[in-house]
Amino acid sequence: MKKIELLAPAGSFEKAKIAFLYGADAVYCGTSSLSLRTRADMDNNDLIKTIEYAHSIGKKVNVTLNIFAWDEKYEEIIEMAKILNEVKPDGIIAADGGVIEVLKQYAPNIPIHISTQANIVSSRDCEFWYKNGAKRVIMAREASKEQLKYIMKNKPKDLEVEIFGHGSICFAFSGRCFLSDFLCGRSANLGDCAQSCRWSYNLYAEEKNNPGNLMPIEESEYGTSIFSSKDLCLIKEIPEIIEMGIDSLKIEGRLKTEYYIASVINVYRNAIDDYMKDPKSYDFNKYLKEIEKCKTREFTTFYFNDRNNKDIQDFSGRQYNDTYEFGGKVIKYSEEKSTIEIKNKLKIGDTMEIIIPNILEPKVFEIEKLWDYETEEEIESISPGVKGQKVLIKLPIECKENWIIRRKKLKNN
């Protein structure tokens, strides 16, 4: 079996480090203005730091430059292409034919990856992009496993194939959406999506012969989220994905938290490695049990197994996990009092789980003592008040910097 790359999102330099720590082979990230996540916290200096750090530990970085660009954007695109040709990421992700031509001219040393925004769903499309300079194609999320198997057998031999394995699905076809621009003037295709498909809407029925008599139609007190999709989760399908020879499995979520990245990447890292070691013993249930601890929507396999699958939409539209939340991040370990950056309220008696890199089962413990970070006085609880707020806590095992700790919620909090 060919080793599949685990590709993680990195909305910042710190998130990239978390992704690598928890087992990502590569990350994808973008500049603040020329990718489809302009709200991600990644400026050019952070991008360069991410590339240098990744290469120093034998990892890879792919840079997104996948907007559909107006003419006035090309001066900036050309300058960015020149910068990328110097700092040498491992790939540049693009979808716009004009942008790709710029990359071939001004960043000739960097492999081109064709974005999922290009809506690639056939072997002929793969061949077209291969002939036009592509090293890798990122398949449309709408492609089924039967389509992918056919493509893997009929594509150019040295063309790499990447698919999405986990994360948000857009209402539009592979994310090419105009809803956000139509409703609030923020174009998803230029990287400023307002995620309008996740909003709740009030619906009304109007009697044809009595115009103006509007009767509300609601799923709940929140309205109804008629466009909102469930999240993609292909953890059960890892064996088929590896067996068909896919080169890279991509996790969505550049705007997600460090906790989300650590949790999801750690699960997929273990799942991939376990299957490679012992295919016959693969049991997706134990991985699903862990990944459900950080889910905020219900899961779907989308069209991977069945093009007629209707189990896609999430009409609640709510992002919420009532079982676990981000507890904190280890800043410095000490046998007696470790320094933790807190992310939610912590108190004596809370049940916590340390997410250990490359180990599926977390270390569960209960908070017995808390100390104020400044005074070291014992305290009963602490709530986030300022960014980077810290607390001292006794940990049950030796932990490394940036290990993530989750908190189990009680029913009344």
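The figures that follow rest on heavy atoms only: side chains count, while hydrogens, waters and symmetry mates do not. Residue indices begin at 1 and follow the sequence shown.
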Nearest 0.5 Å please: distance from the [atom1] atom of [X] over to the [atom2] atom of [Y].
| X | Y | atom1 | atom2 | value |
| --- | --- | --- | --- | --- |
| K390 | I331 | NZ | CD1 | 6.0 Å |
| K145 | I241 | NZ | CD1 | 10.0 Å |
| F299 | L232 | CZ | CG | 9.5 Å |

Whether the [X] and [Y] side chains hold a donor-acceptor pair (N or O, under 3.5 Å, no angle test) is what I'd like checked.
| X | Y | answer |
| --- | --- | --- |
| N285 | D283 | yes |
| T375 | D372 | yes |
| N109 | K88 | no |
| Y22 | E258 | no |
| T64 | R254 | yes |

Residue pair T339 / Y373, side-chain heavy-atom distance below 4.5 Å: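 Answer yes - side chains close enough.
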P362 side chain reached by E290 side chain, heavy atoms, under 4.5 Å: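 Yes, close enough: below the 4.5 Å cut-off.
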Counting N and O atoms only, with roles assigned by atom type, does the side chain of [X] sit under 3.5 Å from a partner on the main chain of [Y], one being a donor and the other an acceptor?
| X | Y | result |
| --- | --- | --- |
| Q389 | G385 | yes |
| K363 | I397 | no |
| T300 | F302 | yes |
| S338 | L395 | no |
| K293 | T323 | no |

Evaluation steps, salt bridge (charged side-chain N to carboxylate O under 4.0 Å, His left out), between E101 and K104: CA-CA 5 Å; E101 287 302 305; K104 288 194 287 188; 2.9 Å; yes
Trace of the ring-ring contact (aromatic ring centres under 6.0 Å, His included) decision for Y287 with Y282: CA-CA 10 Å; Y287 309 107; Y282 188 81; 5.2 Å; yes
Shortest non-hydrogen contact from [X] toward [Y]:
| X | Y | answer |
| --- | --- | --- |
| Y28 | E252 | OH-CA, 3.3 Å |
| A143 | Q147 | CA-OE1, 3.4 Å |
| A16 | T50 | CB-CG2, 3.7 Å |
| V87 | I51 | O-CG2, 3.5 Å |
| A10 | K15 | CA-CB, 4.4 Å |
| A81 | V102 | CB-CG1, 4.2 Å |

Check against salt bridge (charged side-chain N to carboxylate O under 4.0 Å, His left out), D158 and K135: CA-CA 8 Å; D158 56 344; K135 169 70 173 177; 5.9 Å; no
Candidate pair I405 and I393, rule side chain to side chain contact (heavy atoms under 4.5 Å, CB included), full reasoning: CA-CA 12 Å; I405 303 173; I393 186 173; 5.8 Å; no
Criterion salt bridge (charged side-chain N to carboxylate O under 4.0 Å, His left out) on R136 and E5, from CA distance to verdict: CA-CA 13 Å; R136 175 183 291 188; E5 175 187 82; 3.0 Å; yes
Steps toward salt bridge (charged side-chain N to carboxylate O under 4.0 Å, His left out) verdict (D274, K277): CA-CA 5 Å; D274 289 350; K277 292 175 185 174; 5.0 Å; no
Under the salt bridge (charged side-chain N to carboxylate O under 4.0 Å, His left out) test, residues paired with K2 that sit two or more places apart: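 D247.
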NZ/NE/NH1/NH2 to OD/OE distance under 4.0 Å, D273 and R269: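 Looking at D273 and R269, the cut-off is met.
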Over 12 non-hydrogen atoms of neighbours within 6.0 angstrom of CD in E72: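 Yes, enclosed.
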Passing candidate, side chain to side chain donor-acceptor pair (under 3.5 Å) with Y324, options K409, R407, R406, E353: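 Answer after filtering K409, R407, R406, E353: E353.
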Aromatic plane relationship, Y53 with F20 - under 30° parallel, 30 to 60° tilted, over 60° perpendicular: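 Aromatic pair F20/Y53 classed tilted.
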